[in-house]
Protein chains: 2
Amino acid sequence: MTRDLAIAEVRLTPILVADPPLLNTQGVHQPYTPRLIVEVVTADGITGLGETYGDTKYLELARPLADRLVGHRVSELNALHALDVAVAADRVADAVDVGGLRGVQTADKLRLSVVSAFEVACLDALGKALGLPVHALLGGKVRDSVEYSAYLFYKWAAHPEAAGGEKDDWGAALDPAGVVEQARTFTERHGFTSFKLKGGVFPPDQEVAAVRALAEAFPGHPLRLDPNGAWSVETSVRVARELADVLEYLEDPALGTRAMAEVAARTDVPLATNMCVTTFGEIPEAFAEGAVQVVLSDHHYWGGLRNTQHLAALCAAFGVGVSMHSNTHLGISLAAMTHVASTVPNLRHACDSHYPWQSEDVLTERLVFDGGRVTVGDAPGLGIALDRDALERLHRRWLDDDGTLRDRDDAAAMRVAEPGWATPATPRW
Amino acid sequence: MTRDLAIAEVRLTPILVADPPLLNTQGVHQPYTPRLIVEVVTADGITGLGETYGDTKYLELARPLADRLVGHRVSELNALHALDVAVAADRVADAVDVGGLRGVQTADKLRLSVVSAFEVACLDALGKALGLPVHALLGGKVRDSVEYSAYLFYKWAAHPEAAGGEKDDWGAALDPAGVVEQARTFTERHGFTSFKLKGGVFPPDQEVAAVRALAEAFPGHPLRLDPNGAWSVETSVRVARELADVLEYLEDPALGTRAMAEVAARTDVPLATNMCVTTFGEIPEAFAEGAVQVVLSDHHYWGGLRNTQHLAALCAAFGVGVSMHSNTHLGISLAAMTHVASTVPNLRHACDSHYPWQSEDVLTERLVFDGGRVTVGDAPGLGIALDRDALERLHRRWLDDDGTLRDRDDAAAMRVAEPGWATPATPRW
């Protein structure tokens, strides 16, 4: 062994990251979103970076897991999953995590979401120690760049004054014309050629009109609509039929495997999900029922980059498509997504990424979308470097918060503008 | 990058390996079995070892694939599967490969069986270049030793005089007492505590009696019986019921997913397979029908160690067990099996290995079973070294062969003793 790969220290830094007022069916993004930055430091002083959700329940689990990690080697990735720390029952009591639209919460999924950040940090450190890019540790890239789609959101021009937050230069998008304008800005700034609209915000006909407007403005380009399970089966089927000629896929129109299967049986439009299939345990029923045609892997949910590869192989075996989901994230996770996506042979859809919405990052250099694609680097590890000043600044914001923003709550953010707002019952339409 | 990982040369050496007269439902092992030894040499002069089937159709495919490999890096494992070489249609025309009981033959499976040897050789070379054991390249071991089962065969004391071949000191095993004696020899020599009998040789009642005799001689030890699909559904169900109290699982009692599913529906004895599920494409139907409860992965069939990990993850998702199958193999493949098996969390059955039957090897040091287990080494790569004199000797035997032994044919070997022998129709009983 040329290097001592033992983990000497694990640093956990919760931060709050500026987030624009992006709307979804449960409310609106808060002005700042919690994320957790993980640094794994080897005995040789090599540091690997990872990133995951930063809500309190993730932090609570991350701390004991980090303690258990010390003394292991950064190459011991399978052992990560055996780190045994109990998950408090009240942290997974809610059937659906309303904060993050992250699908059903279970103790395993919560654990995997934390483990994923450690796995990515270990891979980054291992790659640096060996002089190999992370993709090489995953069997090597099969493409030199990874395509992402423009992630369009209905949004306000600014957060309500009472909510505070940062300004952004995207303007409002609250109707078809606004959505098309936002899409044009995406193409101008990043060259995206594939578009996804976060729906479930307005009555379905308005969202159908927005997708139609996109189809007219960008003829032939892949389009997707994702109402986060806000619709009934009937509404889902109706929208699928109305948009059948322009949709690449419809994402989570209805909530749950059973409803998705009913929709799938009545339309030829492929259904994608990051809600009814978010763990390996949910796959057998969903695949048996034909509920989903594309699984959107989120390497955080699924427990890391190697589990994402397992998922992709599983999907290939069952003739189900695979792509990647995104929640609000920074450059560490985008780099991780790009490395793993570059290794998946059966990736045939552009991946999702919120990254263009994040004006802040903890890296010395932001990752760049060129023609909607991120280049798969060959630098050791993830090929990124931490900006400690930026990390400290965002951590300071977390420290200064009185607790209201440390757990993402889109409904609470909505109530600042609409005091009577409650998370809508499902199906909403 | 500290090392030049580019592949400068790939050496392919077909060999013939001494094989005892082991009986199965299709005939008897020939005195010598063809294997292919693969050496991948990096620009830095590091050599990695791989091993696979050596029959002509594998060799024919290995040569062009080896040519394509030069210039790639040993870390480019995903790209291996994209090496594009046509498989001659007549090489996969037979529905079942009668020589090796290797399940249904397809172009993809033939290609994967060859690619697997290149993948293992690349991993060995990569590990040596980086100073890491192969298991660390697979995410790290989760156990320090891997358990194997004693692979019991009905056998003759010696090959027919006309067939030639090497002597062995195992004696004959043609009835329950002989099988028990063979099992005792296995425990004395290697410490195995789990036993598998290759069946389909004698009428089922005789094999049931042999398993009963094993259960009496080794009370409480895991027992398996594998007739290689020789039985009807009715016979399979009857045997399963008669041996339900002593079988860990019944392996491929009947041929094909449909028949296996019928058997599975009528017994609580778990069914294992290395015949009806040998590729990812065969999984959906088999799992949907509940045809198998344990998939016996053969890393040769499945395309290598990383595919074996994908398979294990897939099995875990579906609540199906996983273990490892073996055909006649040498120490390179045993080392490869041991490394990958050490990384699979859901491996809960002892793996199969023919290795104790192989008196010859191409390694400077044979791998050792201690208490039926092989220690998972931490030396770089596979932790083995090639004995060039031994390789040359076994290659010379292949060169000197007139072609009759270059393709394994158990029925042909049987005809030396029984001139009228034909591969039995299925089901045989």
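Proteins get letters first, then strands, A, B, ... in listed order; numbering begins at 1 in each.
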**Q** For chain A, which of B:Gly281, B:Ala317, B:Gly139 has the most heavy-atom pairs under 4.5 Å?
**A** B:Gly139
**Q** Can you tell me how far the CG atom of B:Leu138 sits from the CG atom of A:Leu77, to the nearest 0.5 Å?
**A** 10.5 Å
**Q** If you compare all heavy atoms of A:Val142 against all heavy atoms of B:Ala79, which two are closest, and at what distance to 0.1 Å?
**A** CG1-N, 4.3 Å
**Q** Heavy-atom pairs under 4.5 Å with chain A are the metric here; pick the option from B:Ala288, B:Ala136, B:Ala82, B:Ser75 that has the most.
**A** B:Ser75
**Q** Quick check for you: to the nearest 0.5 Å, what is the distance between B:Leu314 atom CG and A:Leu314 atom CG?
**A** 3.5 Å
**Q** Hey, what do you get for CG (A:Leu132) to CG (B:Leu126), rounding to the nearest 0.5 Å?
**A** 6.5 Å
**Q** Passes ring-ring contact (aromatic ring centres under 6.0 Å, His included), A:Phe318 versus B:Phe287? Steps please.
**A** CA-CA 11 Å; A:Phe318 281 79; B:Phe287 284 14; 7.2 Å; no
**Q** Can you tell me which portion of A:Pro345 sits under 4.5 Å from chain B's heavy atoms? Options are side chain, backbone, both or neither.
**A** neither
**Q** Just wondering, are more than 12 heavy atoms of other shown residues or ligands nearer than 6.0 Å to CZ in B:Arg143?
**A** yes
**Q** Just give me the residue among A:Pro284, A:Ala312, A:Cys122 that pairs up with chain B most often, heavy atom to heavy atom, under 4.5 Å.
**A** A:Pro284
**Q** Let's test your reading of the structure: which of A:Ile283, A:Leu137, A:Thr343 forms the most heavy-atom pairs below 4.5 Å with chain B?
**A** A:Thr343
**Q** If we define contacts as heavy-atom pairs under 4.5 Å, which of B:His81, B:His135, B:Arg306 has the most with chain A?
**A** B:Arg306
**Q** What part of A:Gln309 lies closer than 4.5 angstrom to a heavy atom of chain B: side chain, backbone, both or neither?
**A** both
